[in-house]
Novice: 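Handing you a structure now.
A, B, ... follow the sequence lines: proteins, then strands. Residue 1 opens every chain.
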Amino acid sequence: MEENLVIVESPAKAKTIERFLGKNFVVRSSFGHIRDLAKKNLGIDLKNGFKPEYVISEDKKKVVDELKKAVKNAKIIWLASDEDREGEAISWHLSEVLKLKESNTKRIVFNEITKDAILNAIENPRTIDKKLVDAQQARRILDRLVGFELSPVLWKKIKPSLSAGRVQSVAVRLLVEREREINDFKTSSGYKIIGLFKVKLDNGKEYDVTAELPKKFNTLEETRKFLEKCKKASFEVSDIVKKPSRKSPSPPFTTSTLQQEASRKLGFSVSQTMTVAQKLYEAGKITYMRTDSVNLSDTAIAMSRQTITNSFGEKYVQIRQYKTKSKGAQEAHEAIRPTYMDKDTTAGSNAEKKLYELIWKRTIASQMGDALLEKTNITITISTSTENFIASGEVIIFDGFLKVYIESSDDESEENGKGLLPPLKKGQALTMNSIEATERFTQHPPRYTEASLVKKLEELGIGRPSTYAPTISTIQQRGYVLREDRQGETRTFKVLLLKNSQIKESLKSEITGSEKSKLFPTDIGIIVNDFLVENFSDILDYNFTALVEKEFDLIAEGKLSWPKMIGKFYPAFHKKIESTLELTSKPKGERLLGIDPASGKKITVRMGRYGPIVVIGDKDNDEKPRFASLMKNQLMETITLDEALNLFKLPRVVGTFEGSEVKANVGRFGPYILHNNKFFSLKKGVDDPLEVNIDRAIELIDQKRVFDQNKLIKAFTEDAELKVLNGRFGPYISYQKENYKVPKSKNPADLSYKECLTIIAESKKKPARKKFKKTK
DNA sequence: CAGTGAGCGAGCTTCCGCTTGACTT
């Protein structure tokens with residue numbers, strides 16, 4: 001018989017701890033929560049004080065059975081789930097399900113996986129904190145009530161299978177409101193003035209100095225006037241200000257900051273970051289990756305000190321303890337850091353290497369000294385104007401943490417590369433080489449990326465490290481949001497150049513508004529959001545989570561009972577659900593665009609059964625209304641009358657090729673060319689079905705033909721339905737509309753008819769694959 | 001998949017937070 005059974009949440013953690021504890025201890029994992037509210041109905045007895053009905057989750061039955069066996073064989077059970085609300089609840093559910101007795105059950109907690117921390121925990125056991133468990137139950141029940149009562153309202157009023165919840169609906173709201181800010185944004189322009197000067201110092205050396213006017217001119221007129229004045233001006237250094245400044249390293253990574261930096265520096269999606277981090281964690285290379293804590297264990301700090309000293313020298317060491325700033329942090333774990341600080345790289349996939357190195361650098365930098373800088377601002381007066389030029393420079397006196405890590409910023413326009421200035425003195429005269437005035441435009445607020453949305457959610461205290469990635473993917477799966485690249489547009493801007501006493505005006509062009517991996521709300525996302533904000537403003541409020549968190553805290557302190565809290569919330573909420581079902585009509589987002597000049601009928605945009613459409617006329621008239629779908633990058637909210645009229649120009653005859661008509665149109669999978677009943681997709685962001693010409697169409701048809709030829713690896717005379725094809729995931733066999741993978745051991749080109757049939761038969765023997773849910 | 005947009009009805013969908021596999025035609 002084993003003396004002691006320790007139960008933790010994660011199997012990787014179990015493995016590590018078992019090493020620390022020795023022979024008398026067996027360590028098992030619960031794999032997170034083992035039971036949850038029943039999925040049928042609500043799982044909550046509304047007539048009976050909101051009594052929750054808990055069931056053991058299907059995928060946890062095996063785990064529970066094994067834990068039961070392990071309990072039988074142990075004298076003392078140590079419940080070692082995380083030290084936070086959810087962890088406390090996990091321990092409580094375990095003690096209920098495993099029928100643990102108080103006499104031989106101990107609750108222990110540690111928030112770092114080090115030998116000292118664990119031995120210390122064993123020395124200081126406690127009992128389950130039922131008040132904290134109750135706070136978790138309140139959280140769980142509230143979320144279920146909100147989610148399972150709101151979602152069906154959407155099914156009835158908008159579309160089946162939609163969803164709403166405390167976290168996801170606010171995430172969508174952030175995106176919709178940002179999109180509106182962008183639509184409402186009025187761009188204005190001004191002229192930025194940059195002067196290039198030459199200066200000859202006493203030592204005979206000549207230097208270039210670049211200086212900028214701190215203000216922008218609003219109009220071309222003013223700009224020209226200013227340049228005219230500069231023509232005959234003399235320029236002189238009037239002031240030199242040197243200011244020391246310092247930069248401090250950022251704290252070690254939490255889940256959210258790791259997701260942000262991996263997105264900015266490595267281009268990872270939020271879920272990609274988590275998958276790669278999970279791999280590193282399971283391999284024992286980093287600490288736990290779902291954490292809101294910036295804390296480092298004493299051992300980690302000691303290791304960092306050693307590593308920094310060895311690599312860069314003692315003077316680069318500066319030990320720091322960081323404090324978590326984010327709302328609602330529960331700090332059950334350490335920050336995300338390498339397990340062994342002396343390893344600055346790791347083996348593994350490219351992604352694993354890159355992410356590991358990022359984590360290593362960030363952790364090491366967090367224990368290094370501030371960077372010391374000296375900023376210099378030099379004021380240059382203009383004899384003919386009251387304006388001044390400013391030349392600024394920056395010198396690094398001591399690089400400190402910058403030796404290993406520079407944090408990236410979401411703000412792309414941030415200036416970099418301010419360098420060294422020549423040793424100028426007050427009164428020094430400068431010769432003007434040229435002055436350039438460039439028209440610059442104000443930028444609309446940036447669209448969210450996955451990672452910047454996570455950052456915003458964390459700031460609002462909404463969601464947890466374990467749910468950021470799933471939330472981001474849920475709102476995309478529901479069709480509320482698309483993650484997309486968008487091509488920018490060409491914009492022209494004016495440039496005035498003063499050189500050799502002449503002012504030359506020219507037009508230049510730049511690409512603006514291009515977006516990479518940004519989140520765009522869809523029409524459905526906007527309709528759902530507006531409906532929810534209109535009818536359930538309290539839950540959609542950015543402070544809703546913060547408000548209920550305060551009450552959860554009261555419950556955890558024993559100052560409020562959870563049924564009382566839920567009892568206060570639910571009746572009014574439920575009443576609102578019923579009145580909304582009864583009183584509101586289906587929101588279609590209908591908007592009048594104008595009058596069709598050809599027929600004189602009204603043109604409207606609205607949500608149709610299969611997506612957003614524009615309609616000419618209405619049902620009440622004798623004539624059938626005409627319909628057209630919006631293109632993928634058009635929004636109901638912003639489409640104009642002209643754009644709508646263009647949609648009715650499709651399908652459009654492009655020309656003829658090989659004796660048959662070539663047509664352009666937009667289908668469910670985007671714009672396409674139709675020729676001889678065959679479809680050829682138009683290239684996203686390149687071709688426009690309204691403008692594509694016959695030459696381009698033929699080019700696309702040819703390309704597709706070549707592609708299809710390469711697709712076929714082998715066909716068989718025995719059976720025309722059987723083919724070996726080249727696909728996205730490598731070679732496969734296609735037979736009777738089903739696909740089968742070609743084993744890696746076989747060369748697809750050499751497969752015989754018989755071998756193919758064997759492969760098909762083999763793969764049919766395997767248990768039926770879980771079919772992915774069809775998402776429309 | 002390359003059209004559709006009516007209306008009825010059965011049966012389904014759905015939340016947030018803990019965890020990891022099992023998937024990848």
Novice: Using atom types as modelled and distance alone, determine if a side-chain donor or acceptor of A/Arg173 lies under 3.5 Å from a backbone N or O of A/Leu540.
Specialist: yes
Novice: Is it true that A/Thr474 and A/Gln168 share a donor-acceptor pair across their side chains at a distance under 3.5 Å?
Specialist: no
Novice: Is the distance from OP1 or OP2 of B/dG17 to the nearest side-chain N or O of A/Arg166 less than 4.0 Å?
Specialist: yes
Novice: Select one nucleotide: of B/dG17, B/dT20, B/dT19, the one nearest the side-chain heavy atoms of A/Arg139.
Specialist: B/dG17
Novice: Would you say a side-chain N or O of A/Ser10 is under 4.0 Å from OP1 or OP2 of B/dT20?
Specialist: yes
Novice: Please indicate whether A/Lys157 has more than 12 foreign heavy atoms, meaning atoms of other residues, nucleotides or ligands, lying under 6.0 Å from its NZ.
Specialist: yes
Novice: Expressed as a whole number of angstroms, how long is the span from A/Gln137:CD to B/dC15:P?
Specialist: 21 Å
Novice: Just compare B/dG17, B/dG5, B/dT19 and give me whichever is closest to any side-chain atom of A/His333.
Specialist: B/dT19
Novice: I need the CZ-P distance between A/Arg478 and B/dT13, as an integer number of Å.
Specialist: 11 Å
Novice: Answer with base, sugar-phosphate or nothing: what part of the nucleic acid does A/Tyr281 contact at a heavy-atom distance below 4.0 Å?
Specialist: sugar-phosphate
Novice: Can you figure out which of B/dT19, B/dC16, B/dT20 approaches the side chain of A/Asp36 most closely?
Specialist: B/dC16
Novice: Let's see if you can work this out: which of B/dT13, B/dC15, B/dG5 has an atom nearest to the side-chain heavy atoms of A/Gln168?
Specialist: B/dC15
Novice: Please state whether the rings of A/Tyr281 and A/Tyr288 are parallel, tilted or perpendicular, taking 30° and 60° as the class boundaries.
Specialist: perpendicular
Novice: Has A/Arg478 got its NZ or CZ under 6.0 Å from the middle of the six-membered ring of A/Tyr480, at an angle within 45 degrees of the ring axis?
Specialist: no
Novice: Decide whether A/Gln137 and A/Tyr54 meet the rule of one side-chain donor and one side-chain acceptor closer than 3.5 Å.
Specialist: yes
Novice: For A/Thr255, does its backbone N or O pair with a side-chain atom of A/Arg290 as donor and acceptor, under 3.5 Å?
Specialist: no
Novice: Determine if A/Tyr672 stacks with B/dA2; use a centre-to-centre distance below 5.5 Å and an interplanar angle below 30° as the criteria.
Specialist: no
Novice: With respect to the side chain of A/Arg290, which nucleotide from B/dT20, B/dG5, B/dC16 is positioned closest?
Specialist: B/dT20
Novice: Once you apply a heavy-atom cut-off of 4.0 Å, does A/Ala164 come out as touching a base, just sugar-phosphate, or nothing?
Specialist: sugar-phosphate
Novice: Report the distance from atom NZ of A/Lys279 to atom C1' of B/dG21, rounded to the nearest whole Å.
Specialist: 11 Å
Novice: What do you reckon, is NZ of A/Lys130 surrounded by more than 12 foreign heavy atoms closer than 6.0 Å?
Specialist: yes
Novice: Would you mind reading off the distance between A/Ile475 atom CD1 and B/dT14 atom P, rounded to a whole angstrom?
Specialist: 16 Å
Novice: Describe the nucleic acid contact of A/Asp82 in one word from base, sugar-phosphate, nothing, applying a heavy-atom distance below 4.0 Å.
Specialist: sugar-phosphate
Novice: State whether the side chain of A/Ser151 and the backbone N or O of A/Phe148 hold a donor-acceptor pair below 3.5 Å, judged by distance alone.
Specialist: no
Novice: Ring stacking, A/Phe148 with base of B/dT14, under 5.5 Å and under 30°?
Specialist: yes
Novice: If a pair means Watson-Crick or G-U wobble with both distances below 3.5 Å, what does DNA chain B look like in dot-bracket form, with | marking bases paired to a different strand?
Specialist: .........................
Novice: Without decimals, in angstroms, what is the distance between A/Asp143 CG and B/dC18 P?
Specialist: 11 Å
Novice: Do any N or O atoms from the side chain of A/Gln330 and from the backbone of A/Arg85 form a donor-acceptor pair under 3.5 angstrom?
Specialist: yes
Novice: Centroid distance below 5.5 Å plus an interplanar angle below 30 degrees: do A/Trp155 and B/dT13 meet both conditions?
Specialist: yes
Novice: Remember a base hit wins even if backbone is also touched, and classify A/Thr474 as base, sugar-phosphate or nothing at under 4.0 Å, heavy atoms.
Specialist: sugar-phosphate
Novice: Any idea which of B/dT19, B/dC15, B/dG17 is nearest the A/Ser163 side chain?
Specialist: B/dC15
Novice: Is there a donor-acceptor contact under 3.5 Å from the side chain of A/Glu450 to the main chain of A/Val270?
Specialist: yes
Novice: Given B/dC18, B/dT14, B/dC15, identify the nucleotide with an atom nearest to the side chain of A/Pro152.
Specialist: B/dT14
Novice: Over how many whole Å does the gap from A/Gln477 atom CD to B/dT14 atom C1' extend?
Specialist: 13 Å
Novice: For a quick check of understanding: with a heavy-atom distance under 4.0 Å over all strands, which category does A/Ser629 fall into, base, sugar-phosphate or nothing?
Specialist: base
Novice: Nearest-nucleotide wise, let me know which of A/Leu162 and A/Met289 is further upstream toward the 5' end of DNA chain B.
Specialist: A/Leu162
Novice: Just checking A/Ile34: base, sugar-phosphate only, or nothing, at a heavy-atom cut-off of under 4.0 Å?
Specialist: nothing
Novice: Which whole-number value in Å describes the distance from A/Tyr480 OH to B/dT14 P?
Specialist: 10 Å
Novice: Contact class for A/Gly165 vs. all strands (heavy atom < 4.0 Å): base, sugar-phosphate, or nothing?
Specialist: sugar-phosphate
Novice: Please report the distance, rounded to the nearest Å, between NZ in A/Lys60 and C1' in B/dT19.
Specialist: 5 Å
Novice: Base, sugar-phosphate, or nothing for A/Gln278, non-hydrogen atoms under 4.0 angstrom?
Specialist: sugar-phosphate
Novice: Please compare A/Glu282 and A/Arg609 by the position of their nearest nucleotide in DNA chain B and report the one closer to 5'.
Specialist: A/Arg609
Novice: Does the Lys NZ or Arg CZ of A/Arg166 fall within the cation-pi geometry relative to A/Phe544 - under 6.0 Å from the ring centre and within 45° of the axis?
Specialist: no
Novice: Looking at DNA chain B, which of residues 457-470 of chain A put a heavy atom within less than 4.0 Å of it?
Specialist: A/Gly463, A/Arg464, A/Ser466, A/Thr467
Novice: At under 4.0 Å between heavy atoms, what does A/Val167 touch on the DNA or RNA strands: base, sugar-phosphate, or nothing?
Specialist: sugar-phosphate
